Amino acid sequence: MTNEKIITVEHLEKTFGDHRVLKDINLEVNHGEVLSIIGASGSGKSTLLRCINLLEHPTNGDIKFHQQSILTSDFDLTDYQAKVGMVFQSFNLFNNLNVLENCMIGQTTVLKRDPAQAKKVALEQLDKVAMSPYVNAKPAQLSGGQKQRVGIARAVSMNPEVLLFDEPTSALDPEMVDDVLDSMRALAHTGLTMILVTHEMAFARDISDHVVFMDQGVIAEEGSAEAIFTNPQKERTQTFLKRYL
Ligand code: ADP
Ligand code: MG
């Protein structure tokens with residue numbers, strides 16, 4: 001991890017109608033850092049990730065990528081979304097494409113890589129998540145865990161600078177979870193910058209450099225994994241974590 005800031009969130013607010021879902025969120029993510037966001041359902045975790053990759057537009061505040069606001073009118077959104085990838089709880093694979101094609105399509109359309117190069121990259125990444133035997137399979141033929149490993153390979157094939165994960169194992173049967181977590185752990189060890197929303201507390205504790213606990217749209221507490229999981233200061237954090245111990 002270096003001190004080079006990749007993502008900076010400043011006084012971020014997001015309102016849906018009259019519901020203030022995010023209130024004065026401030027965050028910094030350094031190059032190579034793994035940041036985990038924990039908190040109860042409805043606390044605003046997904047909305048925060050979706051604002052960071054601009055699937056949602058913030059109501060107020062700023063988000064910076066390498067110190068430059070991503071909210072200016074001349075900002076190159078396509079380029080940004082290629083550099084800040086996302087792995088979704090519900091996989092979001094293209095069901096009409098096979099595994100290999102799913103991992104190539106973003107490379108050829110967004111990055112304009114030639115198909116041979118895209119295929120090479122896709123096969124490398126599918127190998128890393130142990131999905132090489134399934135390159136010709138359609139998503140419907142895969143288990144949830146296999147789909148998510150394809151989702152990870154697809155995201156990494158784009159060579160992102162930052163990868164966002166929104167509860168990547170929440171839709172999986174318990175026996176599928178470890179393979180996906182292993183793939184994510186391997187990625188973290190490559191030095192990739194990651195922002196992870198998860199309820200897998202042991203995993204978050206193990207891989208995170210920094211942990212943010214969200215409660216009702218605010219960051220209620222944050223600190224090192226050690227500080228948050230072994231010595232949380234706020235009662236809300238303690239109450240939340242008790243449910244997972
Ligand atoms: P979490 O991921 O922590 O469960 P979310 O960010 O999904 O929380 O949601 C936070 C709150 O924002 C919830 O009350 C949710 O109903 C509301 N919300 C999220 N997205 C929308 C939307 N598109 N329109 C209206 N309300 C939304
Ligand atoms: Mg969510």
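Quick caveat, the model's predicted, so the values are computed rather than measured. Ligands are counted one by one from 1 in listed order, and the atoms in each one are counted from 1 as well.
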Do Met194 and Ile207 come within less than 4.5 Å of each other through their side chains, counting heavy atoms only? yes
Between Leu123 and Ser132, the two heavy atoms sitting closest are O-OG, 4.4 Å
Rounded to the nearest 0.5 Å, the CG atom of Leu71 sits from the CD atom of Glu10 at a distance of 10.0 Å
For a distance under 2.8 Å, tell me if Ser46 has an N/O/S atom near the Mg ion (ligand 2). yes
NZ/NE/NH1/NH2 to OD/OE distance under 4.0 Å, Lys234 and Asp215: no
What verdict does the salt bridge (charged side-chain N to carboxylate O under 4.0 Å, His left out) test give for Glu124 and Lys120, after you've listed the backbone C-alpha separation in whole Å, the side-chain angles of each residue and the deciding distance to 0.1 Å? CA-CA 6 Å; Glu124 272 168 25; Lys120 180 168 173 281; 3.5 Å; yes
Phe75 and Tyr80 aromatic ring geometry - parallel, tilted or perpendicular at 30°/60° bounds: perpendicular
What residues come within 4.0 Å of ligand 1, counting heavy atoms only? Phe16, His19, Val21, Ala40, Ser41, Gly42, Ser43, Gly44, Lys45, Ser46, Thr47
